[in-house]
Amino acid sequence: MRGNNNFKLSIIIPFHNRVELLIKTINSLKENTNKNYEIILIDDGSNDEIYEKVKDYLNEKIKYYKIKNSERGFARNYGAKKATGKYLNFFDSDDLSMNNHVDEFYKFIKKNNLPLVFTNSYFKKKGNKLKKIILKKNINKDIFIKNILSCNSVFIEKNFFLKNMFCENIDLSGSEDWDLWLRIATKTDIIVNNIPTTILIEHDERSTKIQNMKKIIKRLDLLLERILNKNIININKKYYNLPIAEIYSFKSLTFSTSKMNKKDTLYYFYLTFLLRPIGIFNKRSLVIFKNFFLSFF
């Protein structure tokens, strides 16, 4: 497969400032043993001086485009349209590639001719050793339960993606990836290569840590609205309640972080129980209970 341009891979990296993290990501990708890929950098409205810090990295394989700040859904779609590869890989600008990332993709896609495949990852907490994130081979049902896919490890055929792109509504930012996986999981099998090829890095500036409550609730309400609309996400009746229960669970968690929202915490926890009783035994439920009872003190 090495050097086969018919299977060229385009790795799309949207970013907003945080250039030091971005450079680490680029360097990790450059260490790949298989060089049959291009990198598409999408500068999502960064400060003007950012280009000066990345320009020395640019060449025929690493291309740079700047757009006005539009969030990740639009930025990834924009990068996909600029890409020349048959397959796309949407990489986050604060994570790392292992040197087998590209090679494992080519080996796996050769054996599994599907529009979307996934490789496993490691997760690195601050100061801790790597923890392997293990997903079983066929994960379609699990995708309906919660968002288990990181963009870094998803490889998707470009032509298929252009018919199933990320939602560009800025209010959905943070759930635009799960929204896409839900839509795709209704149309094709998604299978996993159990060999890890990426490393997710925990840090204080990670976007999942800095959203405020109002934005989270607005995002969850929009995602729920899209799930309830079968013209957007047509989920089989067998799995229909699963993502809705996950949204209610996350809303309960979000409300539990505020002492003023005891009623909403309990209400959405109750709805979660009605839709998926087994879901109340997960770690999130323990956090919700802890937050709820601590709110009395």
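Owing to the predicted nature of the structure, the values given are computational and were not obtained by experimental measurement.
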Problem - Residue pair T198, S97: steps toward the side chain to side chain donor-acceptor pair (under 3.5 Å) verdict - result: CA-CA 5 Å; T198 64; S97 162; over 6 Å; no
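- Note on D43 versus K68: no salt bridge recorded, every NZ/NE/NH1/NH2 to OD/OE distance being 4.0 Å or above.
- Classification of R18 and D94 as a salt-bridged pair holds, one side-chain N sitting under 4.0 Å from a carboxylate O.
- At least one donor-acceptor pair closer than 3.5 Å links the side chain of N229 to the backbone N or O of N231.
- No side-chain heavy atom of F105 sits less than 4.5 Å from a side-chain heavy atom of N89.
- Taken to the nearest 0.5 Å, the CG atom of D92 stands 8.5 Å off from the CG atom of D177.
- Partners of Y240 by ring-ring contact (aromatic ring centres under 6.0 Å, His included), not counting sequence neighbours: none found.
- Residue pairs satisfying the side chain to side chain donor-acceptor pair (under 3.5 Å) criterion with at least one member in residues 248-257, sequence neighbours excluded, are listed as follows: D221-K251, S249-R284, K251-Y268, S256-N291.
- Within 6.0 Å of NZ on K129 lie no more than 12 heavy atoms contributed by other residues, nucleotides or ligands.
- Put simply, the residue from F15, Y57, Y64 that forms a ring-ring contact (aromatic ring centres under 6.0 Å, His included) with Y51 is Y64.
- Salt bridge present: R226 and D179 bring a charged side-chain N and a carboxylate O closer than 4.0 Å.
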Exercise for the section: With salt bridge (Lys or Arg N to Asp or Glu O under 4.0 Å) as the test, would you mind laying out the steps for K124 and E202 before giving the verdict? Expected result: CA-CA 6 Å; K124 184 177 182 181; E202 182 181 57; over 6 Å; no
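- Between H101 and F155, the ring centre distance stays below 6.0 Å.
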